[in-house]
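Report on the structure given below.
Chain A is the first sequence line, chain B the second, and so forth, proteins listed ahead of strands; every chain is numbered from 1.
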Amino acid sequence: MNIYFSPKQPYSLSSVIRSHGWIQLLPFENLDDHQAFAYTLQMNDGKVLRFEVHEEDDKISVTVPDELSDLELRELRQTISWMLALDVDLSDFYKVAMEEPRLQKAIRKSAGRILRASSLFEDVLKTILTTNTLWAATISMNRRLVEHFGTPLAEAPEIHAFPTASTLVNVSEDELKEKVRVGYRAPFIHDLALRTSEGSLDLEAYRNSTLTTAELKKELLGLKGIGPYAAAHLLMLIGRYDFIPIDSWALKMVSLEWHNGDPVKPKDVENAFERWGQFKGLAYWMWDWTNMP
DNA sequence: GGTAGACCTGGACGC
DNA sequence: GCGTCCAGGTCTACC
């Protein structure tokens, strides 16, 4: 059966899917060349299901299995709404960004909402897999993690959900190194799974936290394997845009754009977008670096 | 607070 | 096929 969502306009599913590389990481599956996607989810009751998300005019259509209970259906609606950033309202940013030529292309595409995983546990773990490595290696590590430790879909055992914290807490660091090839990240992942499964860390509470963004950043920096780049990236996913996820690419782009290709430091990247205040990260994220507004 | 070096994997490259 | 080099953030020790 299909369930429907009516996102606040302007909204573009394709722009959400293209917002960053998450669509390339299992259990996401890219469909119709970034026009739709599928995702395999393990629900709170342990059930694993695969759903497909499409855009139909101004509505989002999600194909789900028929036999869901009301409770499961409610959980699924909440999860999909979160993943598609349907709760995010960018109208205040759009108002000021309209005046900036380098942001107009993104605004025309209704960009700015960022694709999220079904849980912040998954987002944090995937973010750790993006650090200090090439993107191709991130894809490989994530694929091995899902295939080795994710619960399979009953009707298609080759498809897996993302592994839960309670599963990963029983995977040793050596096993993570050998089977997933995560290297020095193994203790970071194990610690994240342990703290999440025992309840001392409630990542999902960050979604509606009353903490300031700076306080939230401090909390994220307290997680092993999460440094300034990863913390800023996660804040963007949560919907806090006060910080820029500064990686080597950001340094390169700012260097070329404003410093004649000379080496720049993270502070220079911050300074370049300082005028955007609480939307600094979003302005950076949506910036058109191609010189073609 | 800032800096240097170690941490790992995997791809590119030269032989 | 093998060895070497390099890219990519974070952590820790040190100043």
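Rounded to 10 degrees, the angle separating the terminal axes of the helix from B/dG1-C/dC15 to B/dC15-C/dG1 is 30°, with each axis obtained from five end pairs.
Atom CZ in A/Arg185 sits about 8 Å away from atom C1' in C/dG8, given to the nearest Å. The nearest whole Å value for the distance from the CG atom in A/Leu134 to the C1' atom in C/dC5 is 13 Å. Taking atom CH2 of A/Trp135 as the reference point, atom C1' of B/dT9 lies 16 Å away to the nearest angstrom. Note: CG (A/Leu129) to C1' (B/dG10) measures 15 Å, nearest angstrom. Distance CD1 (A/Ile139) to C1' (B/dG11): 14 Å, rounded to an integer number of Å. B/dT9 atom P lies 12 Å from atom CG of A/Leu176, rounded to whole Å.
Once rounded to the nearest 0.5 Å, the distance linking CD of A/Glu122 with CZ of A/Arg116 reads 13.5 Å.
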Footprint string (nucleotides 9-15 of chain C, 5' to 3'): B base within contact, S backbone only, - free, heavy atoms under 4.0 Å = BSS----
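Relative ring orientation between A/Phe37 and A/Phe51 is described as perpendicular, the plane-to-plane angle rising above 60° on a 0-90° scale split at 30° and 60°.
Here the side chain of A/Asn271 pairs a donor or acceptor atom with the backbone of A/Lys267 at under 3.5 angstrom.
A/Glu56 pairs by the side-chain hydrogen bond (donor to acceptor under 3.5 Å, both in side chains) definition with A/Ser61, not counting sequence neighbours.
For an aromatic pair to be called close, the ring centres must be under 6.0 Å apart, and A/His148 with A/His160 fails this. The distance between the ring centers of A/Tyr284 and A/Trp276 does not fall below 6.0 angstrom.
Side-chain atoms of A/Asp123 and A/Trp22 form a donor-acceptor pair, as typed in the model, at a separation below 3.5 Å. Using modelled atom types, one finds a donor on one side chain and an acceptor on the other under 3.5 Å when comparing A/Thr164 with A/Ser166. Counted by atom type alone, A/Glu219 and A/Tyr206 present one or more donor-acceptor pairs between their side chains at under 3.5 Å.
Across all strands, A/Lys265 comes closer than 4.0 Å only to sugar-phosphate atoms, never to a base (heavy-atom distances).
Residue A/Arg144 has a polar side-chain atom (N or O) positioned under 4.0 Å from OP1 or OP2 of B/dG10.
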